[in-house]
Amino acid sequence: MAFKGLSRRQFAGLTGRSIPGISALSAGSSQPEDSVPKRGTSSGFPNGFLWGTATSSYQIEGAVNEDGRGPSIWDRFAHTRGTISDHSNADTATDHYHLYKQDVQLMKALGAKAYRFSIAWPRVFPEGAGTPNPKGLDFYNRLLDELSANGIEPFATLYHWDLPQALQDRFGGWTSRDASKAFADYAAYVAKHLSDRVKHFFTINECSRLVHLGHGIGADAPGLKLSPSGQNQVRHNVALGHGLAVQAVRAHGRAGTRVGPAENAVSCIPAIETPANIRAAEIATRELNAGYLTVMLEGKYTDAYLAQAGKDAPKYTAEDLSVISSPIDFVGLNVYMPDHYVIAADNERGFTLAPFPASFPHMKAAWLRPGPETMYWVPRHVAKLWNVKSIYITENGTSGTDQPAPDGTIYDLDRIMYLRNYLTQLQRATSEGVPVIGYFLWGLMDNFEWSDGYEQRFGLYHVDFHTRRRTPKLSASFYRETIARNAVA
Ligand code: GBH
């Protein structure tokens with residue numbers, strides 16, 4: 001099978017142990033060495049802390065024309081000349097649609113007990129609304145059965161940017177609140193059919209990127225460059241879609257189904273950790289996320305947000321705001337980098353944002369500035385500002401050059417450095433009582449990286465996009481050891 005040559009020998013080689021079979025790669029096989037400090041609850045992560053990996057449908061599935069799937073805005077966008085840096089698309093991507101069983105084994109080999117994936121709306125409703133396509137849902141039934149057979153808990157994202165193209169054509173997608181309503185209908189259908197096995201749903205992945213890159217600068221599908229008022233309305237419609245989906249999951253999911261957002265909150269870090277800067281960073285967090293987490297958790301737009309928008313403010317009703325702020329069970333946070341270092345200031349806002357010096361380092365992706373303390377401050381601010389009781393880190397990771405060395409191994413030491421430092425800061429947070437209860441590493445494997453095509457690799461597993469073969473990078477061993485060391489029986 002496609003697993004051959006992959007991981008066993010390489011994993012064994014990397015860990016200096018002979019590992020006879022795939023199953024032996026799971027968490028149990030990897031006991032801490034004597035020299036490695038044993039982490040109990042005092043020095044490690046809390047009991048029951050969930051370790052997982054994450055992916056999204058369009059980035060990995062491929063099979064875009066199979067089993068009745070309809071086109072999404074990302075199919076259209078990727079097939080438009082000049083949108084994707086390497087002129088690729090995700091027609092095949094990692095071919096996860098066909099290789100999902102193998103991919104579940106990749107998770108199992110890490111000892112990961114949770115998996116965050118997204119459901120492709122255009123598989124379930126090829127036209128976006130109306131008649132569902134049972135064959136599309138069946139793929140997720142197969143995946144869920146496979147995860148369950150391997151002891152991996154599913155966390156499903158309802159929307160990771162692959163809007164059915166039909167809805168873009170019919171009413172302009174998220175520029176219309178009809179999209180928010182169609183999203184709720186789709187969420188209701190998915191919750192009804194999958195909540196026997198999926199206990200945790202995320203509504204929308206990264207509202208802010210969907211709004212800004214998709215409808216502001218046009219770098220993501222649907223490639224629009226709307227006016228400020230147009231963008232503000234999209235932002236509101238997306239938030240409304242989140243709220244309506246929360247209600248739909250509650251109404252149609254089985255008792256005990258949990259739901260929340262998966263946001264890449266604008267991250268505000270105290271430049272120096274003084275009480276005044278920490279307070280300023282909290283204020284900045286609330287203001288700079290006004291159209292996203294703030295409205296979801298407070299049920300109102302901040303005065304500063306509305307004042308700044310002026311005549312371009314979105315049109316909404318009081319009822320909208322109460323829908324948007326429907327109670328959620330947890331907040332999911334995608335944490336990659338510091339967006340702003342904050343300094344307290346005696347001005348109207350109460351803070352200033354320090355400019356980044358040109359010499360500030362970045363990972364392979366130019367936007368990805370490493371700032372491990374982001375992993376501490378973002379969940380801490382969210383828990384403190386809004387009294388949030390449960391937080392999942394829904395994404396964290398980095399791309400790298402990931403070239404195999406002459407011995408065939410991918411020594412992705414930059415990724416390991418990044419992860420080690422971020423996880424140390426995560427542990428700082430949990431040890432201080434910040435209620436983070438799980439962590440999903442992005443990503444399980446290299447994938448279609450949106451407008452970067454296949455040029456940015458974020459996976460723990462390397463994917464050869466000609467053969468689709470998966471090979472663990474050194475960071476896969478790092479993550480496996482991390483999980484094993486922190487697995488508290
Ligand atoms: C995540 O977003 C996505 O959820 C995931 O699908 C993706 O694979 C992963 O990142 C890795 O990129 O080009 O200067 O405009 C991460 C947060 C915020 C990162 C917006 C890219 C755009 C920077 N993203 N940012 S720029």
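In this chain, residues are counted from 1 in sequence order. Note that ligands are numbered from 1 as they come in the structure, with each ligand's atoms numbered from 1 the same way. We use all heavy atoms of the structure for the numbers below, so side chains are in, but hydrogens, waters and symmetry mates are not.
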> Rounded to the nearest 0.5 Å, what separation is found between the CG atom of Asp95 and the CG atom of Asp103?
9.0 Å
> Give a table of atom pairs where an N or O of ligand 1 lies under 3.5 Å from a protein N or O.
{"unit_1": "ligand 1", "atom_1": "2 (O)", "unit_2": "Glu206", "atom_2": "OE1", "d": "2.9"}
{"unit_1": "ligand 1", "atom_1": "2 (O)", "unit_2": "Glu206", "atom_2": "OE2", "d": "2.8"}
{"unit_1": "ligand 1", "atom_1": "4 (O)", "unit_2": "His160", "atom_2": "NE2", "d": "3.4"}
{"unit_1": "ligand 1", "atom_1": "4 (O)", "unit_2": "Asn205", "atom_2": "ND2", "d": "2.9"}
{"unit_1": "ligand 1", "atom_1": "4 (O)", "unit_2": "Glu206", "atom_2": "OE2", "d": "3.4"}
{"unit_1": "ligand 1", "atom_1": "4 (O)", "unit_2": "Glu395", "atom_2": "OE1", "d": "3.0"}
{"unit_1": "ligand 1", "atom_1": "4 (O)", "unit_2": "Glu395", "atom_2": "OE2", "d": "3.0"}
{"unit_1": "ligand 1", "atom_1": "6 (O)", "unit_2": "Gln59", "atom_2": "OE1", "d": "2.8"}
{"unit_1": "ligand 1", "atom_1": "6 (O)", "unit_2": "His160", "atom_2": "NE2", "d": "2.9"}
{"unit_1": "ligand 1", "atom_1": "6 (O)", "unit_2": "Trp450", "atom_2": "NE1", "d": "2.9"}
{"unit_1": "ligand 1", "atom_1": "8 (O)", "unit_2": "Gln59", "atom_2": "NE2", "d": "2.9"}
{"unit_1": "ligand 1", "atom_1": "8 (O)", "unit_2": "Trp442", "atom_2": "NE1", "d": "3.1"}
{"unit_1": "ligand 1", "atom_1": "8 (O)", "unit_2": "Glu449", "atom_2": "OE1", "d": "2.9"}
{"unit_1": "ligand 1", "atom_1": "8 (O)", "unit_2": "Glu449", "atom_2": "OE2", "d": "3.1"}
{"unit_1": "ligand 1", "atom_1": "10 (O)", "unit_2": "Tyr336", "atom_2": "OH", "d": "3.4"}
{"unit_1": "ligand 1", "atom_1": "12 (O)", "unit_2": "Glu449", "atom_2": "OE2", "d": "2.5"}

> Would you please name every residue forming a side-chain contact (heavy atoms from CB on, under 4.5 Å) with Asp86, sequence neighbours left out?
Ile84, Ser88, Tyr454, Glu455
> Sort out for me which residue in Val342, Val378, Asn277 forms a side-chain contact (heavy atoms from CB on, under 4.5 Å) with Cys268.
Val342
> Tell me if the centroids of the rings in Phe45 and Trp51 come within less than 6.0 Å of each other.
yes
> Does anything in residues 200-219 form a salt bridge (charged side-chain N to carboxylate O under 4.0 Å, His left out)? List the pairs, not counting sequence neighbours.
Arg209-Asp220
> What residues, two or more places apart in sequence or in another chain, satisfy side-chain hydrogen bond (donor to acceptor under 3.5 Å, both in side chains) together with Arg415?
Asp402, Asp412
